[in-house]
Every structure is written in structure tokens, then in C-alpha cells.
Amino acid sequence: MEKIRRTTIKTLLSDPAPYIDTTVDVKGWVRTRRGNKHVQFLALNDGSTIKNLQVVLDLSKFNEEDLKPVTTGSSVHVQGRLVASQGKGQSVEVQADELEIYGTADPNTYPLQKKGHTLEFLREKAHLRPRTNTFGAVLRIRHALAYAIHKFFNDKGFYYFNTPLITASDCEGAGAQFQVTTLPLNELPLTDDGKIDYSADFFGKMASLTVSGQLEGELGATALGCIYTFGPTFRAENSNTPRHLSEFWMIEPEMAFYEIEDNMDLAEEFIKYCINYALEHCKDDIEFLAEHFDKELVERLRFVVDNDFVRLPYTEGIKILEQSGKKFEFPVYWGVDLASEHERYLVEEHFKRPVILTDYPKEIKAFYMKLNDDGKTVRAMDVLFPKIGEIIGGSQREENLVKLEERIAEQGLEGMDWYVDTRRFGTVPHSGFGLGFERLVLFVTGMQNIRDVIPFPRYPNNCEY
Ligand code: 4AD
Ligand code: MG
């Protein structure tokens, strides 16, 4: 074939004018093939957009036998003229002059058929899952959101700060960490009193995968002012729910001199910015998902962007739940860690808009949160969303050295000196929060299960690929 610069299908379909009546070079996977004995039509997709390009094969130019392997799933290289399309359903099409087959896909064994597949079935076909319309859409939206996040913080003067994935501390103190070790598990070295001798381990101490970059992020913020992290986090909680992953990505901004109100303002502005960005830049993909999975998707996204979030202390939230007259599966009382059904009642039924719940009892929150004057509650803030429940968790941090040391002692945490030093030397009021990236993608795509918004999900009893 002649050497012509390849054009993506997205370019040809979104801005065809410069290419009309010229010879174009396209490459992609065949989605469908149909036609008659005079002419054949391929729907070609190259992943750049959810839309397919129609390729017309005039059988006076091609040998039918040569075209036999061009079936659903095969990959091809086509050169031909881009012309305004006669048929309906597309504005332009390529009238092929030449076709090269890269790879065939035996129709008897190719797992993706024209009829729809269940999302569960597709989870087991990891190599083909991204080639479906649904996951293509989800993954393009995921990319756009990641870009929007970096853009939002960069434009605000925040610095991207990388925190370690292997760590010796447990930020959330929930004991849900995956251990990292090179010790021989069937022949563990022991100390004199029979405990595992971690001094013989790779790092000379016990180490784990991080559950959050926050503590290290605070060191960044108390030097650079405003930072954010964006990286994978790992949690060994045995939560087999549609909203939990064992490996998920988290965005954690941390800001010196921010108090809880500033923190809430930032969280609300941030999440609205991301949703707006997707609405503007992922129109085709969002419309596809809305049509196939969730008719109210676009309306819900706009609603969140257009309305103020409710801000409500936990204690008030508990009162509303108690007075709701609703039969919850889990009981409601002051001090309880809210379950997803409680969060969703407040958001979906009572207020009918996102809620930022603040000032939780200190017993159910992490040690680093700033204690309120009542001595009972901490300056926490959880952002609760329709369909999702908690999407953001954050707080103002305890900047008082004595109070922080008390909380650390209460919880029996060790090895935190490096962290407490930020309060020992030039301490400042500061705040931050964590957004679960997949929960955001879940919300924006309208998918039902968090396992369907990450290319390779990790969850209990599943570590394929
Ligand atoms: O509320 P979390 O545990 O907060 C923290 O980790 C803080 N250190 C954040 C901070 O203040 N810098 O987690 C934050 C968010 C949750 O609101 C949720 O969206 C998401 O992370 N998340 C999960 N997402 C998927 N799977 C899981 N197992 C998750 N656990 C938390
Ligand atoms: Mg939380």
C-alpha cells in the first residue's frame, strides 16, 4: 500500500471537511460486516471514538475469497476515498481501494457476538472487554476525568505530589492493609519471644501497601502550601459490594491554611468541575451509556452540577434518620457509623441532592481529624452522593501537638514521629480530603458496579490477569 499518514476515525467523523474526496488511511477492528453480492459494508472501530466508520467494499474491486477472513473482531488496514455517505446513519464513508488484513478472528471461537453480553461475562474476557462499546465509553470517560483532575488542580496552583505505595504506617488505622514481605512464609524467622522477626525482612521492619497517601501528603502541604496526590491505594477489607475494590485510585488534595469550610468549598467546586468536564468532552460516550444503562444519567449529572450541596452536621443527620419512620436494615443511633442505606436516604429521599455531612463522633473517625470544642466530635466531612453514598471523605486535621499525641496514644499507634514533627515545627491549620476515583467514574458513567469502571478490577478472591 501507498504510504499515507493514518487518520483516526474520531478525526474523520468529527471534522471530515479537510478529508472529503481525498484518499484516507484508516486502521481498526471490524465490528460488523453486512452486504450483498455487489457490495459489502464494514463497521470499523479504532477505539478513538464510540462511533464506527463505514467502509464500503465494491465487489467489482475485491475478490470475495480474499475478503472471507474479514469478520467481526478481525483487524484491518484500509485505504480509500472519503465521501459523503449515501446511506443514513453516517455522514461520511470510505470507499475502499485497498484492504490489508492484520489479524483474523475465527467466528466460531471469537467470544464477542453481535447480541449483547452480560457485564459479568465480559469481566471474564479482560482482553476483549475494552473493545465493546460499553467499556470503550467507560474507559474514555475515565481518561477524561483523570485529565480534568490534573487540570483542575494545576490551574489552581496545586502541586502534584507523589506519596509512597509501600509504607510502614496505617493512615486510616483500620488494619485493612496488604503486607509486603520477602520473608519465607513457611519458615518465618522468630524473635526470642516467639514473634515474627521483621528485622530480617526486606525493609528491616513490617511494611504494607498504602491505604492512603494523606499522612505523607500533609508533609507536602505543610511545605508547598497546596498539593494533591493521584495514585493507587490498596485495602484488604473483605467488602464484596458494588462500591468497593481492593485496589482503587484516590485523589487526595491537602491544603495548608484551609479550615473545614474552605475544604468543603474546594470539594464541591472540584467534583462539579470534573462532572462538567465529562459532560462537555464525553458527550457521545455519556449518551451511549445513558441510552443503554441509565435513562436518567444526564439529568442526574446536570442536577448535581447545578445545585448547592447540603451541609449538615452528623448529629442533625441522625435526627432526620430517626424521625424518618423508615425501617432500615441497620439501626440508627448517635454514634453509629452510617451505612450506605442511611447515606442514600438522606441524599435520595430527604434532601434530594448531594449532602456534606460534618462533625462526626470521634470514635468512628481516624486519629488525625481535628477535635471540636465539644470534645466528642471531630471536624470530618463526608460528601454523600445519589446512587453512590460516600464519594469523598476528608477533614480538617488536628494541628495541635498535644491533642494529636493524645489521639495517637489512645489508638496505640507507633512510629508516627515523622508525622507528628509537622506539628512540632511550624504547625498550621490545614485540611484535605480523598476522592475515590472509581466512585466518581461510577457516578459519571451511571454503571452499577465499581468492577466495571476499572480495566482490571481487584476484589476478594479475584486477581486475574
Ligand atoms: O474515607 P476514606 O477512607 O478517607 C481516606 O483515606 C482519607 N485519608 C482521605 C483524606 O482525607 N485524604 O477514603 C476516601 C474515599 C472514600 O470516600 C471513597 O470514595 C473511596 O476513597 N474509597 C474506596 N473506593 C473504592 N473501594 C474502596 N474499598 C474504597 N474505600 C474508600
Ligand atoms: Mg470514609
Backbone N/O of [Y] and side chain of [X]: donor-acceptor pair under 3.5 Å:
X: Ser48; Y: Lys10; result: yes
X: Asp382; Y: Ile356; result: no
X: Thr427; Y: Glu399; result: yes
X: Glu341; Y: Phe330; result: yes
X: Arg142; Y: Val453; result: yes
X: Ser431; Y: Tyr258; result: yes
X: Thr233; Y: Phe248; result: yes
X: Asn449; Y: Arg451; result: yes

### Task
Apply side-chain hydrogen bond (donor to acceptor under 3.5 Å, both in side chains) to the pair Thr241 and Ser239, showing each step before the final yes or no.
CA-CA 6 Å; Thr241 82; Ser239 301; over 6 Å; no
Against the six-membered ring of [Y], is [X] placed for a cation-pi contact (under 6.0 Å from the centre, within 45° of the normal)?
X: Lys151; Y: Tyr147; value: no
X: Arg439; Y: Phe385; value: no
X: Lys272; Y: Phe309; value: yes

Name the orientation class of the two ring planes belonging to [X] and [Y] (parallel below 30°, tilted from 30 to 60°, perpendicular beyond 60°).
X: Trp334; Y: Tyr314; answer: perpendicular
X: Phe328; Y: His342; answer: perpendicular
X: Phe152; Y: Tyr273; answer: tilted

### Glu349, CD atom: more than 12 neighbouring heavy atoms under 6.0 Å
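It does: Glu349 CD has more than 12 such atoms within range.
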Checking side-chain polar atoms at under 3.5 Å, does [X] have a donor or acceptor matched by the opposite partner on [Y]?
X: Thr132; Y: Thr134; result: no
X: Arg423; Y: Asn400; result: no
X: Arg131; Y: Asn45; result: no
X: Arg5; Y: Thr7; result: no

Side-chain contact test, heavy atoms from C-beta onward, threshold under 4.5 Å: evaluate it for [X] versus [Y] and give yes or no.
X: Gln214; Y: Arg397; value: yes
X: Ile408; Y: Tyr368; value: no
X: Glu410; Y: Lys362; value: yes
X: Ile9; Y: Asn52; value: no
X: Ile141; Y: Leu289; value: yes

Smallest separation among heavy atoms of [X] and [Y], with atom names:
X: Leu219; Y: Thr222; result: O-OG1, 3.4 Å
X: Ala267; Y: Met381; result: CB-CE, 3.8 Å
X: Ile391; Y: Leu435; result: O-CD1, 3.5 Å
X: Val336; Y: Pro331; result: CG2-O, 3.9 Å
X: Gln177; Y: Ser169; result: NE2-O, 3.1 Å
X: Phe158; Y: Pro253; result: CE2-CB, 4.1 Å

#### Entry: Contacts of Phe230 that satisfy ring pair (Phe, Tyr, Trp, His ring centres under 6.0 Å) - sequence neighbours left out
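Ring pair (Phe, Tyr, Trp, His ring centres under 6.0 Å) check on Phe230 returns His150, Phe437.
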### Task
Dump the intermediate steps for salt bridge (Lys or Arg N to Asp or Glu O under 4.0 Å) on Lys156 and Glu269, then the final yes or no.
CA-CA 11 Å; Lys156 274 202 171 313; Glu269 184 189 346; 3.0 Å; yes
### Message
Applying side-chain contact (heavy atoms from CB on, under 4.5 Å) to Leu297 and Ile286, what does each step give before you reach the verdict?
### Response
CA-CA 8 Å; Leu297 178 61; Ile286 289 178; 4.0 Å; yes
